[in-house]
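Scroll down for the structure; my scribbles are underneath it.
Quick note on labels: first sequence line is chain A, next is B, and so on, each numbered from 1. Just so it is clear, the model here is predicted, and its values are computed rather than measured.
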Amino acid sequence: MLVVRAIQADDLDALYVMATQVGSGMTTLKPDMKMMGDRLNIAVASFAETIPPEERDYMFVMEDTDTGRLAGVCAIKGSVGLTEPFYNYRIGTLVHSSRELNVFTRMDTLYLSNDLTGSTELCSLFLHPDYRTGNNGKLLSKSRFLFIAQFPHLFTEKLIAEMRGYQEESGRSPFYEGLGRHFFKMDFDHVDALTAVGKKSFIAELMPRQPLYVAYLPDDAQEVIGKVHTSTAPARRLLEQEGMYFEGYVDIFDAGPVLQARVSELRAMRDSALAEIGPTTDWDSACAPESATAEPMLVSNTTLKDFRMILSQSVPVNGAVALPEAEQQLLHCKTGDTVRTLTLNPRKNNG
Amino acid sequence: MLVVRAIQADDLDALYVMATQVGSGMTTLKPDMKMMGDRLNIAVASFAETIPPEERDYMFVMEDTDTGRLAGVCAIKGSVGLTEPFYNYRIGTLVHSSRELNVFTRMDTLYLSNDLTGSTELCSLFLHPDYRTGNNGKLLSKSRFLFIAQFPHLFTEKLIAEMRGYQEESGRSPFYEGLGRHFFKMDFDHVDALTAVGKKSFIAELMPRQPLYVAYLPDDAQEVIGKVHTSTAPARRLLEQEGMYFEGYVDIFDAGPVLQARVSELRAMRDSALAEIGPTTDWDSACAPESATAEPMLVSNTTLKDFRMILSQSVPVNGAVALPEAEQQLLHCKTGDTVRTLTLNPRKNNG
Amino acid sequence: MYVVRPVELADIAALEALAAVPMPGVHTLPKTREKILAMIELSIASFAAHVDIPSEEAYLLVLESEDKSIVGTAAMFAAAGSNGTYFSFRNDVIQQVSRDLNISHSVHALTLCSELTGYSQLSSFYVGEREHGTPEAALLSRARLMFAVLAPHRFADRFFVPLAGVTDSEGGSPFWDALGRKFFQMDFLDAERTIGGARNRTLIVELMPHYPVYVPLLPGDAQAAMGQIHPSGELAFNLLTAEGFEADDYIDIFDGGPILQAHKNSLRTFTGALQRRVSTSVEIPDRGREPQLRYAVSSGSEHNFRAVITHCPSLESQLSVALSAEVQEALNVAEGDTVICVRI
Amino acid sequence: MYVVRPVELADIAALEALAAVPMPGVHTLPKTREKILAMIELSIASFAAHVDIPSEEAYLLVLESEDKSIVGTAAMFAAAGSNGTYFSFRNDVIQQVSRDLNISHSVHALTLCSELTGYSQLSSFYVGEREHGTPEAALLSRARLMFAVLAPHRFADRFFVPLAGVTDSEGGSPFWDALGRKFFQMDFLDAERTIGGARNRTLIVELMPHYPVYVPLLPGDAQAAMGQIHPSGELAFNLLTAEGFEADDYIDIFDGGPILQAHKNSLRTFTGALQRRVSTSVEIPDRGREPQLRYAVSSGSEHNFRAVITHCPSLESQLSVALSAEVQEALNVAEGDTVICVRI
């Protein structure tokens with residue numbers, strides 16, 4: 001069975017093995033023992049609350065309890081951009097209008113900004129190809145929302161996730177070719193490699209500072225603004241289901257979208273609920289809406305340091321949930337303990 | 001009893017009488033028969049759907065059915081800024097940092113923008129002083145959200161409401177004195193009067209175009225950015241209850257906040273429900289959460305052209321609501337008709 | 001002898017004929033009889049005016065050939081944009097520096113600016129084909145500045161000259177297509193017609209970009225057109241750069257044509273103008289040894305301005321200039337009068 | 001007789017003594033013996049160098065009094081910011097126009113720019129109190145440009161001179177407090193110490209505002225300080241504006257002090273410099289009638305530069321200049337050599 005849990009100090013070797021299997025698209029999980037060890041130390045200190053909230057980096061691993069193997073990883077960074085500037089382009093609107101000529105022109109405009117400085121970031125999602133089946137991807141990605149719903153005081157109100165931008169099959173980034181190359185005079189791959197080692201903010205020194213009309217860019221560059229890489233489209237949909245939106249911020253190099261949410265508006269904040277582990281009464285079940293019974297549920301314990309989460313078929317009814325013994329063990333819980341529950345998929349409004 | 005309803009052509013005289021009683025703070029409801037008649041014609045055409053959605057201006061009046069007198073007015077504009085530019089300052093963040101000097105400076109920055117062009121706007125709220133009691137203000141202001149929830153296809157995804165900015169008791173606007181005056185070289189009242197006659201966009205020709213660091217402004221101007229006028233604070237709270245947020249856009253003159261929402265995220269969209277007028281069964285009532293029974297409900301009919309809404313004590317249970325006969329008449333409804341209901345006040349999450 | 005003189009009412013027919021010659025760009029003569037007449041009247045009033053501060057005066061000079069026909073025109077506007085703002089693109093250079101990557105290069109950016117407002121503007125320079133490349137063409141161009149030397153209070157300390165930019169065979173402008181069209185939503189020629197060639201209209205600030213345009217983002221043909229002159233402007237360009245005008249700092253907001261500009265102290269007419277008294281030249285065969293130099297010489301009266309070409313020995317260390325009776329007559333000067341002389 | 005000459009190694013003690021005199025601002029001499037030595041060595045190497053394109057050369061001239069003591073210094077940098085970018089604030093004027101309201105006024109805005117990069121920079125001008133206001137002070141200031149006339153390939157076509165801005169009695173700068181402090185988060189003197197008076201460092205682009213600063217938003221004392229010189233700079237300011245330098249276009253990014261600049265063609269030394277052959281002056285009493293004019297005169301050799309003041313009749317229409325034996329010795333020239341002369 002699969003459990004998503006807070007990473008632990010002794011996960012380093014297994015994490016390294018998995019990192020060797022990550023493709024080139026993810027820059028934050030390079031198979032580098034030093035970098036990885038440093039990051040893991042920060043993650044352990046984060047769950048232990050021994051470093052300030054804005055420095056924390058909560059890493060979660062998905063463990064296959066049958067084999068003890070790590071199946072995936074994901075993370076939540078407490079705050080971005082507080083040690084080096086975090087740049088985006090923000091898409092705004094400027095209207096140029098002349099009553100005399102009866103001309104009204106509405107122009108999209110790119111502003112180089114650090115607006116997202118200090119935001120909480122979802123990042124470093126990776127699921128091993130062997131486990132890319134069923135609801136595993138959802139479980140891994142969405143585990144972070146349940147964690148945030150359980151511990152909202154640890155996070156800033158603004159939550160973001162950067163999505164890899166569109167590239168052609170050849171690897172060419174139309175946005176980079178239409179904009180960045182003129183100012184960097186180097187290949188996209190080189191720029192990408194520099195960002196991988198944390199040099200992103202300094203490359204941004206070369207970016208033009210003044211607002212840019214999108215209309216100046218070549219058509220193919222304009223078209224991909226806010227568009228994700230084909231392989232990232234499913235990940236984007238999962239985040240959008242949870243209440244994250246593209247609000248007009250994009251990556252300065254490939255124009256990949258940043259998805260954003262207010263923490264208080266997340267589906268997990270609105271719809272997740274606490275429940276006590278124990279039997280449910282017939283009366284409770286009778287009143288429960290019919291549709292809910294077939295829904296798989298995300299269920300987590302409520303312990304920061306030993307956060308654990310599973311996917312369950314048990315439906316909570318009026319504050320109680322009848323979790324099977326095996327699931328209780330996965331969560332390190334027992335009858336009478338409180339768990340947090342959320343349907344894996346959003347419910348529709350009846351409106 | 002009070003009913004909020006779509007304005008009708010023969011409301012002009014009563015509207016004029018009420019407009020003579022509006023203070024100077026509201027620029028959109030001047031006692032000017034020509035302007036008012038023009039606006040009313042557009043409103044009637046809007047409810048009749050004879051003009052395109054982006055040109056519409058849905059005006060609602062609150063009528064005291066005991067006397068036939070108009071007690072208040074409010075409106076929803078389909079889209080702003082499509083005939084003349086709609087300007088705001090947007091507050092962004094710029095980070096200036098030097099590793100060499102170990103300096104990290106995070107600066108708020110004002111960008112002159114037309115980003116909100118095309119948004120749907122809540123505006124023109126006025127409640128006669130004689131009726132400023134009980135839930136009347138809430139009924140009037142919130143009626144618009146129920147209307148939007150019933151007819152979401154008529155509106156853009158972005159909803160905004162401009163709030164009057166902070167002024168000292170003397171009428172002095174610290175933000176205007178610290179910024180606008182340097183570029184307009186005239187009194188705030190004069191600027192205010194010009195905006196009242198629709199000249200706002202052209203005054204914006206004089207506004208500085210380049211991004212401005214907030215730190216350049218005097219302290220008292222910095223402090224009032226996004227702060228509402230004292231008399232506007234209750235109106236702001238009502239909108240915030242419905243899911244509208246200050247997202248960093250302010251008025252270019254007085255820095256009053258613009259509240260914003262995605263239509264799909266409004267409380268009315270999530271929580272309002274349709275119900276059939278008729279008796280409720282004991283069984284339904286037994287399962288209803290206890291707390292809900294005491295909540296006053298907003299109830300509206302579902303007719304665009306003759307939209308009507310009241311405040312009721314009847315609680316809908318499992319798709320049915322037992323509306324008293326008098327209330328059905330106010331809504332121009334009868335048993336078996338469908339109505340839309342929403343609790344007047346937001347419910348708390350159990351999280 | 002060719003004479004440069006202020007335009008007169010009697011010249012209207014000749015100017016109409018000139019206006020019928022197709023000329024590219026916008027910085028040319030008015031086309032209709034009505035507008036030509038207005039321009040002539042403004043010029044006559046301007047020459048006659050007593051000016052304290054340069055303002056809306058416009059001066060139109062014509063080049064009269066030996067047979068008294070008008071073969072050239074040249075104008076001066078005392079203060080560009082005096083009833084508005086004269087807009088141009090300033091050609092800025094932005095240094096892009098990254099210490100980490102050890103990268104440093106420069107990027108050009110065009111910024112809409114009003115800096116040329118209040119400069120004196122030279123424009124409408126035109127000479128007939130026969131006069132192309134002759135000293136008389138140079139005389140016409142330079143006579144404007146000689147008038148400014150004579151009457152500096154009528155002009156600003158700085159001068160500029162917009163020259164028509166390149167257009168394609170259909171009259172389209174690659175620079176316009178990349179920039180102005182996106183904001184004006186109309187063709188180059190339509191836009192120029194709509195605003196009548198003006199660069200001082202409010203609608204420019206309403207429609208043109210408020211933020212610098214990074215040149216590397218412009219299409220290649222638009223970049224290539226920046227600061228390029230229409231072939232018809234080459235003569236004017238060469239005369240003006242020889243005079244001391246500098247290109248590269250500003251370009252036109254519509255067609256990207258160059259705008260030459262200079263402080264008057266950098267102009268050869270200002271630094272090299274000599275005031276000399278008129279004496280009458282007598283043909284003395286044995287003085288023929290001294291090398292004869294070519295000078296533009298103009299009368300010293302602001303209300304009766306004339307300029308012609310004459311040849312004489314170097315005036316550097318002379319107090320007077322010997323002019324033939326014919327030249328004196330053309331300039332309307334007599335022995336003892338002051339004239340202004342510049343090597344040409 | 002006072003002589004201006006290139007600095008020599010033997011001058012180090014004298015320069016150390018001068019450096020001990022308190023001088024405001026940043027555009028002054030180095031303070032430590034080590035840095036003074038480096039500056040002297042750079043100057044000696046620069047004068048000796050064969051230069052194709054102006055680059056990192058720096059030239060230091062000294063004013064030697066009659067008793068051979070050093071009473072003044074003046075420097076030239078061939079290309080400002082040659083190992084980076086020279087940053088300054090450009091003082092832009094923005095026209096604010098509203099047709100509807102019939103309003104039109106202008107607003108000043110300061111834009112961080114790198115336009116002065118590559119200009120030749122004059123700086124470190126200092127003369128002792130006794131020489132204040134004397135022709136010798138003017139000689140020292142102008143000698144730099146005479147050297148540039150002599151060796152134009154060593155310099156850019158444009159020159160600028162930053163002058164120290166106003167500070168209060170504690171060494172604080174009202175301009176800094178309104179601007180730089182908000183980004184650097186430190187006091188004026190700390191900031192200047194930290195970056196050693198440089199204006200070409202990457203950290204400037206990292207920290208200073210990227211967008212124009214609208215001047216009306218600055219506090220009154222900061223506005224008042226813009227373009228104002230520290231009292232100690234008045235002499236230099238007056239000499240430079242008389243020379244043809246213009247203020248108002250650029251100011252210093254730290255203290256708001258004026259940066260004077262000019263194209264060389266606008267400078268009196270360039271426009272008025274006369275090349276003359278040396279002849280030996282003989283005291284002839286009856287030539288005393290001719291009015292004696294004051295000239296700065298410099299040797300014509302770039303590798304052995306000297307400048308002094310001399311008096312003689314107008315050189316305008318002369319081919320040679322009569323110099324006394326003493327002057328010839330001071331300039332290290334002999335009869336028949338070429339010298340450069342400028343009215344002073």
_Contact winner vs chain D - B:K185, B:M107, B:Q210, heavy-atom pairs under 4.5 Å_ = B:Q210
_Please evaluate residues D:M208 and B:H96 with respect to the criterion side chain to side chain contact (heavy atoms under 4.5 Å, CB included), reporting the C-alpha separation (whole Å), side-chain torsions for both, the decisive distance (0.1 Å), and the verdict._
CA-CA 8 Å; D:M208 287 301 254; B:H96 289 252; over 6 Å; no
*Identify the two heavy atoms, one from D:P216 and one from B:H182, that lie closest to each other, and give their separation to 0.1 Å.*
O-CE1, 3.5 Å
*Under 3.5 Å donor-acceptor, B:Y213 side chain and D:K182 backbone*: no
*Please flag which part of B:L94 lies under 4.5 Å from any non-hydrogen atom of chain D: side chain, backbone, both or neither.*
side chain
*For the atom pair CG (B:L101) and CZ (D:F183), what is the distance rounded to the nearest 0.5 Å?*
14.5 Å
*Heavy-atom proximity to chain B below 4.5 Å, by part of D:L179*: side chain
*Enter the distance from D:Y211:OH to B:Y111:OH here, rounded to the nearest 0.5 Å.*
5.0 Å
*Test item: D:H105 side-chain N/O and B:F184 main-chain N/O as donor-acceptor pair under 3.5 Å*: no
*Side chains of D:F184 and B:S98: closer than 4.5 Å at any heavy-atom pair?*
no
*Is a side-chain donor-acceptor pair under 3.5 Å present for B:T105 with D:Q185?*
yes
*Among B:T109, B:V95, B:L212, who wins on heavy-atom pairs under 4.5 Å with chain D?*
B:L212
*Test log, rule side chain to side chain contact (heavy atoms under 4.5 Å, CB included), inputs D:Y214 and B:L179*: CA-CA 10 Å; D:Y214 293 96; B:L179 178 52; over 6 Å; no
_If I take atom CD from residue B:E100 and atom CG from residue D:L207, how far apart are they, to the nearest 0.5 angstrom?_
9.5 Å
